[in-house]
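Below is one structure, written out as structure tokens, with a few remarks after it.
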Amino acid sequence: MRYFLRRWMQAVFLLIGVSILTFLFSAIAPGNYFDEMRLNPQISPETVAALRAQYQLDRPLPVRYARWVNSLLHGEMGFSFANNSPVAPLLWARARNTLLLTLTATLIAWALALPLGIWSAETRGRLPDRALSGATAALLVIPELVLALGLLILAVRSGWFPTGGMFSVGFEILSPMQKFRDVAWHMELPVLALVLSALPILVRHVRAAVAEVLDAPFLRAAASHGIPQRTLHYKYALRAAANPLISLFGFSLGVLLSGSLLVEVVMSWPGLGPLLLEAILARDLYVVIGGVLCSTIFLVAGNFFADVLMYWADPRIRTGAAAK
Amino acid sequence: MDRLLIVEKIEKRYGRAHVLGAKQEVTALLDVSFSIGRGSTLALVGESGSGKSTLALCIACLERPTSGKIVFNRNEITVLDEKQLREVRPQIQLVFQDPARSLNPRFSALELVSEPLLVQGRLDKREREARARALLGQVGIPQEKALQRAEEFSGGQRQRLAIARALSLEPKLLILDEALSALDCSVQAQIANLLMELQGRLGLTYLFITHDFAMAGHLAHEIAVMEQGRVVEIGAADEVLGTPNQEVTRRLIAAMPRLTAEAHAPRAV
Amino acid sequence: MISLLQVQDLHVAYISGAGKVSPALEGVSFDVLPGETLGVLGESGSGKSTLALALVRLLPGNAEIQKGAIQFEGQDLLRARPRALERVRGARIGLVFQEPSLALHPTIRIGKQVSDVLAAHEAASRAARHQKTLQLLREVFPADASRIADSYPHQLSGGQQQRVLIAQAIACGPSLIIADEPTASLDPTTQQEILELFRMLREKFNLSLILITHNPPLLAGLADRVLVLYAGKVVEIGPTEQVLGSPQHPYTHALMQSVPPGLDEPAKDRKSRLRVIPGEAPNLAVLMNGCRFESRCTDRMEQCAEREPPAVAMSEVHAVSCFKYGE
Amino acid sequence: MIQLSGWKRWLLAIVVLHGIVACAGFFAPYDPTEQDREHPYLPPMRIHLVDTQGHFHFRPFFYAEQLRVGSFDQFEEHSQQAIPLRFFVTGARYDLLGLLPFRTHLFGAEASRVYLLGSDAYGRDQLSRILYGGQISLLAGMLGAGLTLLIGVLIGATAGYLGGWRDGLLMRVAELFMALPWLYLLFALRAFLPLSVSPVQAFFLIILVIGAVGWARPARLVRGVVLSARERDFVRAARGFGATDSYLLRRHILPETSSVILTQAAILVPQFVLAEMTLSFLGLGVPEPVPSWGSLLASLQQYSVLVSYWWMYLPALAIVPFFLGYLGLASALQQDAGTEKIVRTAGGSRW
């Protein structure tokens, strides 16, 4: 239990750290929403000053941070000047969509990467391994921006996929089943882009982890006891490779969250990506901070989940031998 | 007899601070005292985890004992600061168990052996090379191999290189930390002979750390037996081997593999 | 008596990525009788570990068995199918490795790892396997078998881990155990305990044992016969007392001389120099015509550099490959 | 023939690719900002060897393009007007490698402009813009990677060598940076910096942002190597004969990190080229009219461009050979180091 307590504390400290860090950067940043406003001749300088005072942007940094934490505790996460609304509800509506995309892509990518990676490791140096290595290398040199744009052009020219967005026109009047299918249809392209961009990395990591274990002395020892190959590969090798694979899970979530940000913008999926971009262009400070924090929460949660898996899979952690 | 090294009641504890828990302490050495006469060999025998290597690091001034004092060549070295220690260290040299790890694989034999001279700023480049070549000759490394890199040598030759490097600063005390343990029997014998020859020629003092009582008996004048961070028995080699006082010593001696079959229970055929 | 294991003219070589062949074993022949202990004595580079792995066909991918035959209980293991090999490994031949800490799966309980070996070879109920596992562990841990069964490898000491490996090796009642430097990584007292365990199990289960080591004294009092490997070749084979006590091959002779004298010798002899073998072991990747030991040998003759010496029988049980004893 | 081993072959390929981009002025027929309002969105021209009469020409030629009758964006070949392609022609002035003023271009034509890869909305030559754009993107990537590695090695070596609480503190900060998905971090940093700036300012701003984002991972890797090197017996031995800290770092510890640093460089450069592309694509990078690979793609965000002008996608493909080169180099370096472990800790080619 001390293990979880420690991990939990680490996660909390991490979130506090990230929020302070982003605040610090925002403080150094020249310009904010009202500076852009000041350029607008229709708004008088007095109005701007009054607004600044109203949102207490003229107060020192610690005060602003305290106020922001306070509003966070009240479920608001600060105020969006551009949208004239608290940040949290804005974020939540978008974060759901980002999560939907990211989690679906994570599941599919892992479901494909595990068998492919093991197969590749098993046939090390032979044809299947070489073919897979070639394929992953080919995918690896196509960055997701290029991939997403390419898929979009394909969609536009072929008409097989919707060219963006999350819903068809007239979504509101569809039955629940139709709604589900409509969203699923809109998801196909962005998920495909995400899976294709994460897959080569995952396959390569899985292959490396399993291949390393296949060379381990304890597998040779087990083979010398006559334990059959199937048991060796699928029970002994996978269990021993569990550790790096689980930490890879947290890492893959980070990759997919970043990827999702870009894919959302390119394919106009109403997730955090477009919201964040708009906020940056409008210098809508608290939305940016909120968005960054939100993504950190996802990642930290994912890593916490990985820690739980690790605890369950590795007795060395359970018995505290890995404490050092 | 003139004692080159006197170790008095040294203790070494490692503390490990913990974020949530209390501070854990591990005692590696407890009340260790002994001395070595100039030009003689003391063997320090014990099983793994008995604190032998920690003791070696403390004497070589690479770790500071928590308490106690070490007198080397009539100087108390436990009170010196880092800068003064740098002056003392060249006089006490260490040879490690695994030469593959104690020699930087990127260096050539010549670079390895002349490195201490370079660090100490002794001699100029040509003199350093001449001195290094002479040292290589002393430990039996053929001159034509002087430019090979460490990883191209065999285990025994690497240990010869490590000894040559240790000798380059003309130390008074050589600490051999399991220096023979990783080697094959025939190579062990070669290095053991080399060590005896060097001692005779240069008047070196050895602290020979080992778990092998046979080699300790062969090389050492005195033997100290360690267990769990303490020296439990110390005396002339023949006395310790012939009339062991302590249970550990007897156990270790009994565990010595012997060539003569009678030493073991005869086997029913 | 009919031999349990008969190795004939075994040749093994490692092939580097660039296709360079360096032989590891050349023309190795020997046999092991039922219930007999054969000591294999060799220094690093002699091919002794290669021999252990070759006997059960577990060599790494870059090694190749070039020719020879390994007859074991009536079948040639070099020509056996993979399934047949799986039935031999672990069931008829048990292996014990040098580094026990690396030879156990780090995240599976000891009991499970032992019972997996049983499961691989015997169709028995889970409960029966569990009983048998505990019984096996009691053979090596008389005191606390059930606690050990519930432990993970990292919770055990090196000596305990080695005992577990031995339990695995004897699990299915094999007729032969091959132990490759089983005590090299252990402390001297633990070393003796493990050797004592081998001695006990050998009597109890009438096992044949191949004990591979670089340390001659380990074999005294344990091995019935000793086979000496030098640079991939058998240089001498014979009863332990003869090979260790009055070695005939110049290499064996010099090797025995270089072991520090025991405590039974007078002290003044102990402080004298050891007799050593000059020079270094040969590089096997370089082709050689004559005796492998020729360059380091004090008794070398003209023909030594030209031809390989054949094995000469000193007696019915003792053979030496050296020209000193005739052609 | 010199036999090049493993990674050196990849390095050569990368050097050649970068050489082409560095000498963009020579390989590009036109100045990247030069407009041709007569020919907006001109598709890539076809280069012919056989004319409409079936005659074979040794000199490649192309036909002048003219607006199709009744259309304002559809072009067709003007089959009467064959224009030969000329090599080593004199054209717009440029500075080779930013130093030597030159006028010679690899190819060009006299009577009309040649658009091998089509033109953009202002009739600017895509090929020239891709070549010049590469200079910005690649330079940003390399300088960013250099900055990142500098910070990373400095912090990593400090933490690893000093150990203790300083190590703890630095690594906690590194974890902070790694806890953020990298694109979010990039966005956040960019968000807090001024939006409307001159191209030169924007360029250095981007390098600064990119450099600040990625230092944590190399720092951790370097720290790990330094930490283990510090405990090596050969470092102990060197301390034993009186070596000072700076000598140990210089001669024994930092050389150990060289393979990690090289591999990281091969992984980071393409990553950061991509980072620059992403920012510019989203309009947060180097502004018009200076081309960069990212801003060249920005027009694809308009639906009409996406539908009608597929050649606007070509800049995206320009980076593929570069990525291939860097991937090959990284894998070869890792193979050289003999460990697949680095591959795993480095995490493929992206975070």
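All chains are named by letter (A, B, ...) in the order of the sequence lines, taking the proteins before the strands, and each is independently numbered beginning at 1. Heavy atoms only: backbone and side chains are in, while hydrogens, waters and symmetry mates are out.
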Taking the side chain as every heavy atom from C-beta outward, state whether [X] and [Y] have any atom pair closer than 4.5 Å.
X        : Y        : answer
B/Ile36  : B/Leu4   : no
B/Thr210 : B/Leu180 : no
B/Ile191 : B/Ile163 : yes
D/Glu276 : D/Phe203 : no

> How far apart are the C-alpha atoms of D/His252 and D/Tyr161, what are their side-chain angles, what is the distance that settles it, and do they pass the ring-ring contact (aromatic ring centres under 6.0 Å, His included) test?
Replying inline: CA-CA 12 Å; D/His252 289 289; D/Tyr161 194 73; over 10 Å; no
>> Using a 4.5 Å heavy-atom cutoff, which residues in residues 114-121 of chain B come close to chain D?
In response: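 Answer by number: B/Glu115, B/Pro116, B/Leu118, B/Val119, B/Gln120.
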> Any residues in residues 48-60 of chain B near chain D, with a heavy-atom distance under 4.5 Å, and which are they?
Replying inline: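 Checking residues 48-60 of chain B against chain D gives B/Leu57.
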> In this structure, are over 12 heavy atoms from other groups packed under 6.0 Å from B/Arg201 atom CZ?
Replying inline: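 Atom CZ in B/Arg201 is packed in, count exceeds 12.
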>> Under a 3.5 Å threshold, yes or no: a donor from one side chain and an acceptor from the other, between B/Thr66 and B/Glu11?
In response: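 Their side chains do not contain a donor-acceptor pair, so the 3.5 Å distance test is not met.
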>> For the residue pair D/Arg217 / D/Gln264, report whether a side-chain donor-acceptor contact shorter than 3.5 Å exists.
In response: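 Side-chain D/A pair, D/Gln264 to D/Arg217: absent.
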> Which one, B/Arg106, B/Glu87, B/Arg101, B/Arg86, leads in non-hydrogen pairs under 4.5 Å with chain D?
Replying inline: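 The option with the most such pairs is B/Arg106.
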> So does B/Arg149 pair up with B/Glu111, basic N to acidic O under 4.0 Å?
Replying inline: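 Between B/Glu111 and B/Arg149 there is no salt bridge, as every charged N stays at least 4.0 Å from the carboxylate O atoms.
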>> With a 4.0 Å cut-off on N to O distance, would you call B/Arg133 and B/Glu129 a salt bridge?
In response: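 Judged by the 4.0 Å cut-off on N to carboxylate O distance, B/Arg133 and B/Glu129 do form a salt bridge.
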>> Counting only non-hydrogen atoms closer than 4.5 Å, does B/Leu94 touch chain D with its backbone (N, CA, C, O), its side chain (CB onward), both, or neither?
In response: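 Nothing of B/Leu94, per the 4.5 Å heavy-atom cut-off to chain D.
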